[in-house]
Structures are given as structure tokens and as C-alpha cells.
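If you read the sequence from its start, that first residue is 1, and numbering goes on from there.
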Amino acid sequence: MEDPAASDPAVPDPAASASARARDGAAAAVERAVRAVAARAPGGLSVAVADLSTGVSAGYGATGRTFVTASIAKADILAALLLRTEDAGRGLSAEERERAAAMIRRSDNGAADALYTAVGLADGLDRANRTLGLTATTAGGDRRWGLTATTAADQLALLRAVFDGGSPLGAASRAHLGGLMGQVEAGQDWGVSAAADPGTGPRLKNGWLPRSATGLWVVNSIGLVRHDGRPLLVAVLSDGSPALADGISLVESAAVAAADALTGALAGGVAGGLTGGPEVRA
């Protein structure tokens, strides 16, 4: 006998309805968990998180406001450079590879200055971001890549371009950038790594910047972690912290809260029946 739901568009699809409820439930869990962290924050906080194995994503203030990137822009600059080299049908030069490694591994500003110029400064980064799917990010003018304005949702889009399938970046480019994000030097490997299962090798890029007008800190962290066995993309943006240590503590607390809430919702059956996503090593 024919299933009436298969032929009558007016009959709701039970699987689709369950999937929508699951995603809404996971989103609500993450929003509640991060809101509790934000209530204790001295400034602004925004989070976006996605489980690559199911495609479920959630956030807190992920699209409502922009933050300056500080040095997380360096991951974006390298993605833009890799797009340019792919379009030109070539790989990175030896000098570009050296600068890319310095820029990501130890957050070298001089290397970032050179590669920002190489991608065409603000106009070039904006063009690359349109290709990468960043729709609310504006590159910093006057060569000030660290003042690029972005949202947590856009940083999640950047992470998808690096770590998820269907990216405009080729596999070799994704592996190169993702690999460097797994080699960040000690002392700069805080942030979303706080949410990583022990021994799983998080891949990340952090940014930190005291604002000259206020002395308050912008502290950001983006990356791929494995949490409760699930591959998660996590982006945490913050501003208004009185000290760098306060900002790091805030970012790490938010990353753990978001990861706990999402994986807890998934494990608890909120997202039962959701499948898909590629397996990603972290």
C-alpha cells in the first residue's frame, strides 16, 4: 500500500518533523548554557558550535553583533591566500609557506602583514570571504587586518570551509591550513581547546587585542575539537574583558558550556535520527 505521506504534500513527514524538533532542542540547550556564562561576563560574548557528524549547529548571539577578529583573522588570511593560489593553478611558494606557518603557529604579525598584502588587503579578503561563505564579515582597512569585523556565525562558516566537505577550498589546501591549526605553539593553545577530549589534538587559532580607547580586551578562539567523541566546530568571540586572563577564562568557559550542551542534547536523544556528516579527525 502506498504511504500517503509520500504522495500528499499536505501530510507532514514524521522524520522531518522529528529532525526539526531535534535541532530546535539542541539550539535551545546551547543557548541556555552559554547565556548562563554570558550573565557573568564583563562585556560581550558570542558563540557558534556545530557537530560535523550530524550537521546540527547552534549558538548564542551568533549573528546579532560583530566583534573585531584580532589574530583569528590570520586563519582567514591564509584561507584567502590558498584560494588565490588554487585559482592561479599553483601551490604556495617556499616564502609563502614559511610565512603561513609563522602566522598560524606563533601568530606572527609581520607574516600576517605580508600575506594580507599578498591577498589584496581588505578588498581581496572581502572577495575571498564571499567565496568562503562569510556574509557578515568586513575586512579591516588601512592594512589593519586585526580590526576585521565578524560574527560567530561567519567564523563557523570559515571553519566549515577548512574542515567540512563541499568547501571551495581544495583538499590539499584544507589539510594545510587545518594542519597548521593543529601545531599552535604552547602558550597560545588555550581557548576552544578547553572543550577537547584529552589527547585528541584540537586545531585552533586564537586572537587577543587590548583596545586602545578603553584598555579592555578582545579575546577570541575558533577551531575544531573532539568533545564526548564528537567532532565539533566551535567559535567564541568576546570583548570587554579587563585583562587577557579574564578573557581567556570567559572564552574557555563558553566553549565548554556550548560543547557540553550540544553533545549532551545529541546523546540524550534530542537529535535522535539525525545522521550524516563526514567523519573528521580531531
Requested in this report: Without swapping roles, check the side chain of Ser241 against the backbone of Ala243 for a donor-acceptor pair under 3.5 Å.
Outcome: no
Query raised in the report: From Asn206 CG over to Ile248 CD1, what is the distance, rounded to the nearest 0.5 angstrom?
Result: 7.5 Å
Query raised in the report: Are any of the side-chain heavy atoms of Trp145 and Leu121 separated by less than 4.5 Å?
Result: no
Report task. Look only at the side chain of Gln155 and the backbone of Ala235, and say whether a donor-acceptor pair between them is shorter than 3.5 Å. Result -> no
Query raised in the report: Taking only residues two or more places apart in sequence or in another chain, which ones pass side chain to side chain donor-acceptor pair (under 3.5 Å) with Trp217?
Result: none
Query raised in the report: For Arg144, does the CZ atom have more than 12 heavy-atom neighbours from other residues, nucleotides or ligands under 6.0 Å away?
Result: no
Query - Test log, rule side chain to side chain contact (heavy atoms under 4.5 Å, CB included), inputs Ser46 and Phe67 - result: CA-CA 9 Å; Ser46 181; Phe67 293 73; 3.5 Å; yes
**Report entry** Over all atoms of both residues, closest heavy-atom pair of Ala258 and Val47
**Finding:** CB-CG1, 3.8 Å
Requested in this report: Using atom types as modelled and distance alone, determine if a side-chain donor or acceptor of Thr138 lies under 3.5 Å from a backbone N or O of Ala149.
Outcome: no
Query raised in the report: With sequence neighbours left out, what residues match Glu86 under salt bridge (Lys or Arg N to Asp or Glu O under 4.0 Å)?
Result: none
Query raised in the report: Would you find a donor on one side and an acceptor on the other, under 3.5 Å apart, between the side chain of Arg84 and the backbone of Ala118?
Result: yes
Query raised in the report: Does any pair with a residue in residues 88-102 pass salt bridge (Lys or Arg N to Asp or Glu O under 4.0 Å), and if so which ones, sequence neighbours excluded?
Result: Arg90-Glu96, Glu95-Arg99
Report task. With sequence neighbours excluded, tell me which residues meet side chain to side chain donor-acceptor pair (under 3.5 Å) with Ser71. Result -> Lys74, Ser107
Query raised in the report: Would a distance-only check, ignoring hydrogens and angles, find a side-chain to backbone donor-acceptor pair under 3.5 Å from Thr151 to Asp154?
Result: yes
Query raised in the report: Should Leu232 and Leu224 count as side-chain neighbours, where that means a heavy-atom distance under 4.5 Å?
Result: no
Query raised in the report: Taking ILVMFWY side chains as joined if any heavy atoms are under 4.5 angstrom apart, and letting links pass through other members, which residues group with Val256?
Result: none
Query raised in the report: Taking side chain as C-beta onward, heavy atoms only, is Arg160 less than 4.5 Å from Ser57?
Result: yes
Report task. Would you sort out whether His227 and Val234 count as a side chain to side chain contact (heavy atoms under 4.5 Å, CB included), showing the intermediate values? Result -> CA-CA 11 Å; His227 185 85; Val234 187; over 6 Å; no
Query - Set of residues satisfying side chain to side chain donor-acceptor pair (under 3.5 Å) with respect to Thr117, sequence neighbours excluded - result: Arg143
Query raised in the report: If every non-hydrogen atom of Val251 is compared with every non-hydrogen atom of Ser221, which pair is closest and at what distance?
Result: CG1-CB, 3.6 Å
Query raised in the report: Looking just at side-chain N and O atoms, do Asn129 and Thr137 make a donor-acceptor pair shorter than 3.5 Å?
Result: no
**Report entry** Val219 backbone acceptor or donor facing Ser238 side chain under 3.5 Å
**Finding:** yes
Query raised in the report: Any luck finding a side-chain donor-acceptor pair between Asn220 and Trp208 under 3.5 Å?
Result: no
**Report entry** Straight-line distance of Leu233 CG to Leu52 CG, nearest 0.5 Å
**Finding:** 4.0 Å
Requested in this report: Any salt bridge (Lys or Arg N to Asp or Glu O under 4.0 Å) involving residues 241-258? Give me the pairs, sequence neighbours left out, ordered by first then second residue.
Outcome: none
Query raised in the report: With distance as the sole test, does Thr200 use its side chain to make a donor-acceptor pair with the main-chain N or O of Ala196 at under 3.5 Å?
Result: no
**Report entry** ILVMFWY network linking Leu169 to Leu92, side-chain heavy atoms under 4.5 angstrom
**Finding:** yes
Query raised in the report: Closest approach of Asp76 and Leu132, non-hydrogen atoms and distance?
Result: OD1-CD1, 3.9 Å
Report task. Test Leu125 against Tyr116 for side chain to side chain contact (heavy atoms under 4.5 Å, CB included), laying out the working first. Result -> CA-CA 8 Å; Leu125 188 60; Tyr116 194 43; 3.8 Å; yes
Query raised in the report: Under a single-linkage rule joining Ile, Leu, Val, Met, Phe, Trp and Tyr whose side-chain heavy atoms are separated by less than 4.5 Å, which residues share a cluster with Leu209?
Result: Val68, Leu147, Val218
**Report entry** Pairs touching residues 35-51 that satisfy salt bridge (Lys or Arg N to Asp or Glu O under 4.0 Å), sequence neighbours left out
**Finding:** Glu31-Arg35, Asp51-Arg230
Query raised in the report: Taking the side chain from Ser167 and the backbone from Val162, do they hold a donor-acceptor pair closer than 3.5 Å?
Result: no
Query raised in the report: Looking at residues at least two apart in the chain, or sitting in another chain, which of them share a salt bridge (Lys or Arg N to Asp or Glu O under 4.0 Å) with Arg65?
Result: Asp239
**Report entry** Distance-minimising heavy-atom pair for Ala265 and Ala26
**Finding:** CB-CA, 4.0 Å
Report task. Over all heavy atoms of both residues, which pair between Met103 and Leu78 is shortest? Give the atoms and the distance, please. Result -> CE-CB, 3.7 Å
Query raised in the report: Taking atom CG of Asp87 as the centre, does the number of heavy atoms from other residues, nucleotides or ligands within less than 6.0 Å exceed 12?
Result: yes
Query raised in the report: Tell me, do Leu134 and Arg130 make a side-chain contact under 4.5 Å, heavy atoms counted?
Result: no
Requested in this report: To the nearest 0.5 Å, tell me how far Leu180 CG sits from Ile104 CD1.
Outcome: 6.5 Å
Report task. Please round to the nearest 0.5 Å and tell me the distance separating atom CG of Leu177 and atom NZ of Lys205. Result -> 11.0 Å
Query raised in the report: What pair of heavy atoms forms the shortest contact from Val37 to Ala254, and how long is it?
Result: CG1-N, 4.0 Å
Query raised in the report: If Ile, Leu, Val, Met, Phe, Trp and Tyr residues are connected whenever their side-chain heavy atoms lie under 4.5 Å apart, and connections chain through other members, are Leu244 and Val184 in the same group?
Result: yes
Query raised in the report: Side chains of Ile222 and Val236: closer than 4.5 Å at any heavy-atom pair?
Result: no
Query - Residue pairs, two or more places apart or on separate chains, that pass salt bridge (Lys or Arg N to Asp or Glu O under 4.0 Å) and touch residues 188-201 - result: none
**Report entry** By side chain to side chain donor-acceptor pair (under 3.5 Å) - contacts of Asp123 (at least two apart)
**Finding:** none
